[in-house]
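So that the names make sense, note that chain A is the first sequence line, chain B the second, and so on, each numbered from 1.
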Number of protein chains: 2
Amino acid sequence: MNIERGQGGSAAHRLGQELLKAIIALELPPGMRLSEQEIAERYGVSRQPVREALIALSRQRFVEVVPQRGTIVVKISVRELMEARFLREAIESAVIRRACESFSPTSRGRIDDSLDAQRRAAAKGDHSAFRRFDELFHVTLAEGADCPMAWTIVGDLKAHMDRACQLTLQGPSVMQALVAQHEQIIAAVDARDPEAAEAAMRNHLTEILRALPEAEQRHPELFA
Amino acid sequence: MNIERGQGGSAAHRLGQELLKAIIALELPPGMRLSEQEIAERYGVSRQPVREALIALSRQRFVEVVPQRGTIVVKISVRELMEARFLREAIESAVIRRACESFSPTSRGRIDDSLDAQRRAAAKGDHSAFRRFDELFHVTLAEGADCPMAWTIVGDLKAHMDRACQLTLQGPSVMQALVAQHEQIIAAVDARDPEAAEAAMRNHLTEILRALPEAEQRHPELFA
DNA sequence: GAGTTAATACTACCATACAACAACATACTA
DNA sequence: TAGTATGTTGTTGTATGGTAGTATTAACTC
């Protein structure tokens, strides 16, 4: 399976995206041992771009490189996920308050687009698409609040949370509930009500990991 | 100037630390054009570890690597620094509130140690040492509040702010003022007063960049 | 002389080869 | 048999050569 050449940046970058997607989708399960050589052959490139992609992933704490030993996909840690939620709450609640003060009109339009797309994905039960438009919602919030850098941080935290959420097999009903929470958040922004907006955001982020302890009991081998 | 071999991890990692230090100290000024080849010769290693170090630095947005063109030290952006301050405020104010609920006793001891060291560095006017112990103060706060991940984020943001602060030539009096702010923060934590602690933290972070506009006027070529 | 084109020099990027090191299996010894 | 020494294998880390692409510069045309 050769990776496409001549599009979307360097091979190392594309490979990093591919691996990240696979890790979040749990196709590369937590604890799995990776080998630069093996990945290189699998994707039809040399070891060097693989190595660079793994370095980037290790900075995001999705893999751990042990010198002269090997590279493994990091296991899911409830402890770290709770901390990630805490930090997301701190950042995104601040961002949403800022959004209540001023929000870019063009971003506001994109929010509606993403909500529509979320509803369609939820109805179809398409997890991959839902995740994509969920991400679009949060990144657009950050941009509209004139805080694009927030997404560079929240994106990483969200990716870890999304990976864990893959274990909870969320059906359409759960996804529709998430969309409703998104609607609640943006409604509070429209009403310029920072208290309500922050409360809605904190509630949203709290709900997401609610099913995590159950998932840990079902798949203990994937947790640290 | 060969880089030391056989200590502190891989050559790429050590080189990354060296380059980061040089960038923050403005020895590699914003806008400077870097070359893998040149750095490799300068530090007596091959181009590969240099490349890997630059990739890590580009993820921290300290350098920007333009494909097939070159690599440059990113210029200072007031816009981004203000955003970094906003995000640090969001994170560290949440952390300090958490610290008021529970704080590790052993971390509390290390806080005092770092404060002592800060006072000594401030008295001597040693910027490099002060920065090191200032960093120790904030990382210990995060650890003590059971939020070590917060530092992995705040550390990056702080590094950017520290680079800009190199332009403001802070004398001993400024450093002593910063120490006083630190003391105020930890005093509020000791008193278990989250409101006061958050207020002290926000004040601290606001003060840091106060002299930035003046610095921009003095060194416009270093800014984006 | 202004604009255009070709040659040149530089860059990051990728592939390959080699070195350093750790873990494991195996043979050997007391 | 228990313990030790040693060779083998597999891993990441480093060095080097070659490629594709871009900017610059020089030569050339009008």
Side-chain angles (χ1 to χ4, degrees), chain A residues 1-20 22-23 28-75, chain B residues 1-20 22-23 28-75:
Chain A
M1 169 186 171
N2 270 30
I3 202 167
E4 312 287 334
R5 294 186 73 90
Q7 70 161 17
S10 66
H13 183 71
R14 294 194 306 271
L15 221 160
Q17 301 288 333
E18 286 288 326
L19 290 176
L20 178 56
I23 289 174
L28 300 177
M32 180 176 183
R33 204 151 164 287
L34 300 178
S35 158
E36 296 179 356
Q37 180 78 36
E38 186 182 339
I39 296 176
E41 292 170 1
R42 186 158 142 62
Y43 287 92
V45 295
S46 86
R47 261 186 57 211
Q48 216 53 48
V50 175
R51 185 173 166 71
E52 293 171 7
L54 289 178
I55 289 175
L57 287 173
S58 75
R59 277 201 66 83
Q60 298 177 274
R61 298 180 310 285
F62 279 108
V63 305
E64 183 178 359
V65 178
V66 186
Q68 265 69 10
R69 292 273 311 268
T71 305
I72 59 171
V73 180
V74 298
K75 292 200 174 186
Chain B
M1 167 187 172
N2 270 30
I3 201 166
E4 312 286 335
R5 293 187 73 92
Q7 71 161 18
S10 66
H13 182 73
R14 294 194 304 272
L15 219 160
Q17 301 286 333
E18 285 290 325
L19 291 176
L20 178 57
I23 288 174
L28 300 177
M32 180 177 185
R33 203 149 166 288
L34 300 178
S35 156
E36 294 180 356
Q37 178 80 38
E38 186 182 338
I39 296 176
E41 291 169 2
R42 187 158 142 61
Y43 286 92
V45 295
S46 83
R47 299 191 327 261
Q48 211 53 46
V50 176
R51 181 173 168 73
E52 293 175 5
L54 290 179
I55 288 174
L57 287 174
S58 74
R59 279 203 65 83
Q60 297 178 274
R61 298 181 312 284
F62 279 106
V63 305
E64 182 178 1
V65 45
V66 186
Q68 264 69 8
R69 294 259 322 257
T71 303
I72 59 171
V73 180
V74 297
K75 293 201 172 185

Rounded to whole angstrom units, what separation is found between the CD1 atom of A:I55 and the P atom of D:dG13?
-> 7 Å

Any side-chain N or O of B:S46 under 4.0 Å from OP1/OP2 of D:dT14?
-> no

Separation between CD of B:E41 and OG of B:S46, rounded to the nearest 0.5 Å | 11.5 Å

Would you check if there is a donor-acceptor pair between the side chains of B:Q48 and B:E52 at a distance under 3.5 Å?
-> no

When you check the phosphate oxygens OP1 and OP2 of D:dT12, does a side-chain N or O of A:T71 lie under 4.0 Å from one of them?
-> yes

Could you check A:P67 against A:P49 and say which one's nearest nucleotide on DNA chain C is further toward the 5' end?
-> A:P49

If every non-hydrogen atom of B:V73 is compared with every non-hydrogen atom of B:P29, which pair is closest and at what distance?
-> CB-O, 3.6 Å

In whole angstroms, the gap separating P of C:dT8 from CD of B:Q68 amounts to 21 Å

Return the value, rounded to whole Å, for the distance between atom CD of A:Q48 and atom C1' of C:dT16.
-> 10 Å

B:L19 pairs by side chain to side chain contact (heavy atoms under 4.5 Å, CB included) with which of B:L34, B:L54, B:V63?
-> B:L54

Does any N or O donor sit under 3.5 Å from an N or O acceptor when you compare the side chain of B:R47 with the base of D:dG18?
-> yes

Starting from P on D:dT12, measure out to CZ on A:R69 and report it in whole angstrom.
-> 11 Å

In whole angstroms, the gap separating P of D:dT14 from OH of B:Y43 amounts to 16 Å

C:dC13 phosphate, OP1 or OP2: any side-chain N/O from B:R51 under 4.0 angstrom?
-> yes

Check the distance between D:dT12's C1' and B:H13's NE2 and give it to me in whole angstrom.
-> 15 Å

In whole angstrom, give the distance that lies between atom CD of A:E52 and atom P of C:dA15.
-> 10 Å

If we only count heavy atoms from C-beta on, is the A:Y43 to A:V50 side-chain gap below 4.5 Å?
-> no

Regarding the side chain of A:A12, the nearest nucleotide among C:dA15, C:dT11, C:dC14 is C:dC14

Could you state the CG-C1' distance from A:L34 to D:dG10, rounded to the nearest angstrom?
-> 15 Å

